[in-house]
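Order of the sequence lines sets the chain letters (A, B, ...), proteins ahead of strands, with each chain counted from 1. Hydrogens, waters and symmetry mates play no part in the numbers below; they use all other heavy atoms, side chains included. Since this is a predicted model, take the numbers as computed values, not measurements.
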Amino acid sequence: MREASPPYLEPLNEEQKKAVLHTGKPLLILAGAGSGKTRVITTKIAWLITEQGMDPRSILAVTFTNKAAREMAERARQIEPRAEGAMLRTFHSFGAWFLRRNGNFAGLNSSFVIYDDDDVISLLSGIMENAPKPEVKQCAHNISRAKDYFLSADDPQLVKIDSRKKFRGIYKRYEKRLAQIGNVDFGDLIKKPVEILQNHVEVAKRFHDRFKVIMVDEYQDANVAQFNLLKELCGPETYVCVVGDDDQSIYRFRGAEVKNILEFPDRFSGADIIRLEKNYRSTDPILKTASSVVDNNRGRLGKTLYAEKGKGTLPVLAYLPNQDEEAAFCAEKITVSVKNGESSWSDWAVLYRTNAQSLGFETLFLRKSIPYRIVGSLKFYEREEIKDALALLALLVNPRDEVAFRRVANKPARGVGAVTIDKIIEASGGYNSNLLEAGRGIDLSAKARAGFDKFIKVIEEAASILEASDESMTGAEMSDNVSETKEEKKHKRAKKEKQGLKSGEGLSVCVEKLLISSGVAEYHRTQDEISGNSKIANLQELLNTASKYRNNRNGLLEFLEDIELDRSMEENFGSNTQNSVTLITFHNTKGLEFRRVIMTGLEQGIFPRNEIKDDELEEERRLFYVGATRAMDELYLTYCMVRRMYGRTQVSQPSIFLREIDKQGLQTENRTEQSTYTERRPFIGRSFNPFNLNGMTANATADAVIEERAGYKRGQRIFHDDHGFGAVMEVKESDDGPVVRVRFDSGQEKRFLSEYQGRAYEKVSGDS
DNA sequence: TAGTTTTAAGTTTTT
DNA sequence: CTTAAAACTA
């Protein structure tokens, strides 16, 4: 039946073509970085539609980040417009979509709200009465991990996550409370759908009938629960195709199991494996640099990537005096290149390990008028005023939401104190109890009663505005399996607006009313006046975003869900970000590419992080590999001599990764020579060669100089008048001179400024 | 008990 | 240095 092969297959190489045309059995595509896996997936979607006559709606493709999902949808649509009908989502957004329609099988109302980590901690601290905050956080984390591994509160395996006896009880109570409230956490978005599919054959059958093809991108980052979800979604007829690269597994800390990819052929019997080893993205020197680091890992399948691009300029290794100079270096390289017309702003990406590092680049780029955009979770949604607003909205869709209730019931103060709040929650007890109703029916002091009645009114009035424009949701609509992509939603929204539906205002009408009548707006306005914040401006920004949603219950649910699942909200904030430099964490770069990449902060303690175990070091190496392989043409690596951290300046040591790279394959640039810092600190003299990284000479020299200045050496035994005998653990620089860290035989550690030597403690001869 | 001031602690990474 | 928790005051 096949005629001449479609034109979009032309640019593919043999293996890629094989992967696209593959049918019949499960398929594992082992795709190295830059080997065109997104092209394979998107082309495959097009091919299935145009050549196999497949209904786009029966195709499901799952990714890990919203950005990847959007990009995939975009590229698939470019090849074949009908691909718009396919379902392209992140695992979590698929889970939410599933639960909105089938949550009733797990006793879940369709208008649940998704709790983020902060909400979970807040709920848990109510359960673990007067436990210290760090312990609550630990429990929250462990519960989340347990769900990653698909472990319920009664699972014997739970001890592997948390060995403490009480953990199981806490987990149980947490689950019970969450069920009473009727909300879910992130883990539930995966775990609950699996349970429903396992326990309800008829639901499973519906999904097996619906999705004939399931594809998973970045499969190396799937956790156990996500694997289970894939397994349950696959019926006997389903064609399953996963794409991954064990060298790019960077989410182990979140429960990702590389085993999933290694054991895929066992779990899906008869699976074929296709390897994509031709790299089209990067030049040979860039690929060599990336590989030389990840090659040091033990636990990997091992593969060779061939640079189809061939030769290119060598990556630049730059040594800078401090982080301000590091930012200046980036700014300079970028500006010069752009002004010369060699590149545009958007060709550039600045990568860092932790979000905190972005600040320095932001401030400098702002001053130098370098356009930039930050990719990553927006701290916008963590702000007090935004959380307040969202809590009010959450209460509107789910009046059982204890966490939201606690947050806003007495904000601004209206006489409903903690005691009253506890009383109301207590009274609500059990299932299906509306907190507002519960509060209405109990005895309260006159003051509390007046305040609480006001609060009820606020919520009810806002709800009535919503209800008024709600086209009531039919049961059919809820259980309907029809996919509704973002694009379709936008379409619908636009259409509604044309039909004269409060155009341009939408949901913001309701949000605004709520903010004003609750007094939250007024509260933050006065806060602004006192401390010169811009909380009101932030709330305004939230209103702008809300205006894009319909002013009814569904619109509100959609709004809250989008915020929980996609905190970047690019389409809402990204209007002026077309041509700008990208500031991004290493983790967030996964799946992206840039012509020119600057990897910053390559220092011990930053990247890789300090005090980590071997397997964690391997994950950091993979992270380095991911970052470096994002670069197409040019790669820059920067590290600093000193770095400010927690407000103190510390001498940095070059990242161990820099020692793993062959220096022959790099150009070096040293900007520390003329540094004023060097002049003030002559102890870092000629003998300190920053580029002599093979064999730790640089570090050893720097350390030795500091130790000499301090008059103490590592390992040395000392005696302290108050603390007794101990050993010097570390000698390092600080703003106030060398600092000595001592571990005393009693077990406790102390730090001393070495200038107090002789007064604070005497030296004792001998060593360990 | 609400709101302020003082003190301590702290940085992975994301859905 | 920034932010969260504890301690304190009105």
Side-chain angles (χ1 to χ4, degrees), chain A residues 62-69 89-96 114-118 120-121 125 132-134 136-137 141 144-145 147-148 184-191 218 221-223 225-226 249-256 323 351-360 363 375-379 381-384 410-421 445 447-448 523 526-527 530-531 561-568 584-591 601 605-612 616-617 619-620 622-624 626-627 643-650 735:
Chain A
V62 196
T63 64
F64 278 85
T65 65
N66 295 289
K67 207 169 160 49
R89 281 173 183 262
T90 65
F91 262 113
H92 288 87
S93 112
F94 174 82
I114 302 162
Y115 275 168
D116 68 13
D117 292 352
D118 281 346
V120 169
I121 289 168
S125 52
K133 192 90 182 247
V136 177
K137 274 188 178 164
H141 179 251
S144 157
R145 282 300 295 279
K147 291 188 177 183
D148 286 345
V184 299
D185 58 24
F186 277 115
D188 287 338
L189 292 177
I190 311 295
K191 186 165 170 277
E218 309 283 9
D221 285 325
N223 59 36
Q226 286 161 336
S249 168
I250 54 174
Y251 285 111
R252 238 180 58 110
F253 69 93
R254 210 172 72 186
Q323 60 207 350
L351 278 51
Y352 38 81
R353 180 64 235 269
T354 63
N355 280 306
Q357 285 164 260
S358 75
L359 205 79
T363 39
V375 176
S377 54
L378 243 41
K379 44 191 189 295
Y381 294 102
E382 284 158 31
R383 291 172 182 275
E384 181 196 8
N410 196 33
K411 193 169 186 176
R414 49 173 76 86
V416 186
V419 178
T420 310
I421 289 179
S445 70
K447 197 168 105 193
Y523 175 86
T526 42
Q527 290 290 304
I530 296 165
S531 42
E561 182 171 313
D562 282 356
I563 285 172
E564 279 312 324
L565 295 182
D566 185 5
R567 297 222 156 160
S568 66
I584 189 169
T585 62
F586 280 95
H587 279 88
N588 265 321
T589 62
K590 203 174 67 163
I606 308 274
F607 191 24
R609 201 175 102 245
N610 262 341
E611 292 151 6
I612 52 175
E616 285 171 319
L617 180 63
E619 179 138 322
E620 300 269 315
R622 294 193 289 269
L623 192 54
F624 180 97
V626 167
R643 184 171 288 270
R644 246 181 358 260
M645 247 185 148
Y646 312 129
R648 296 217 169 278
T649 305
Q650 284 186 313
D735 279 348

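With hydrogens and angles left out, the side chain of A:Arg254 and the base of B:dT15 share no donor-acceptor pair within 3.5 Å.
Rounding to whole angstrom units, CD1 of residue A:Ile190 and C1' of B:dT15 are separated by 8 Å. In this entry the distance linking OH of A:Tyr352 with P of B:dT13 reads 10 Å, nearest Å. Remark: P of B:dT1 and CD1 of A:Ile421 are 11 Å apart, rounded to the nearest angstrom. A:Arg353 has its CZ atom 7 Å from the P atom of B:dT13, to the nearest Å. Nucleotide C:dC1 holds its P atom 19 Å from the CD atom of A:Gln357, rounded to whole Å. Atom CG in A:Leu565 sits about 7 Å away from atom C1' in B:dT15, given to the nearest Å.
Ring pair A:His92/A:Phe186 is perpendicular by interplanar angle, where above 60° counts as perpendicular and below 30° as parallel. Using cut-offs of 30° and 60° on the angle between ring planes, the pair A:Phe607 and A:Phe624 is tilted.
At B:dT13, none of the side-chain N or O atoms of A:Asn588 fall inside 4.0 Å of OP1 or OP2 (strictly under the cut-off). Listed pair A:Ser93 / B:dT15 fails the phosphate criterion, with no side-chain N or O lying under 4.0 Å from OP1 or OP2.
A:Phe586 comes within contact range of no nucleotide atom at all, as no heavy-atom separation falls under 4.0 Å. Looking at heavy-atom distances under 4.0 Å, A:Asp148 makes no contact with the nucleic acid at all. The residue A:Asp116 sits apart from the nucleic acid: no heavy atom pair falls under 4.0 Å. Within the 4.0 angstrom heavy-atom criterion, no nucleotide atom of any strand lies near A:Phe91.
Checked against the 6.0 Å centroid threshold, A:Phe586 and A:Tyr352 do not count as a close aromatic pair.
Looking at the side chain of A:His587, the nearest of the listed nucleotides B:dG3, B:dT13, B:dT15 is B:dT13. In this structure, of B:dT15, B:dT14, B:dA2, it is B:dA2 that holds the atom nearest to the side chain of A:Asn410.
Remark: A:Arg643 engages A:Glu326, A:Glu603 in a salt bridge (Lys or Arg N to Asp or Glu O under 4.0 Å) (not counting sequence neighbours).
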Close N/O contacts between protein and nucleotides 2-5 of chain C (under 3.5 Å):
residue, atom, partner, partner atom, Å
C:dA5, OP1, A:Lys133, NZ, 2.5
C:dA5, OP2, A:Lys133, NZ, 3.4

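With a cut-off of 3.5 Å on both pairing distances, the Watson-Crick and G-U wobble pairs of DNA chain B assemble into stems of 3 or more at B:1-10 with C:1-10.
A distance of about 16 Å separates the P atoms of B:dT12 and C:dA5, rounded to the whole Å.
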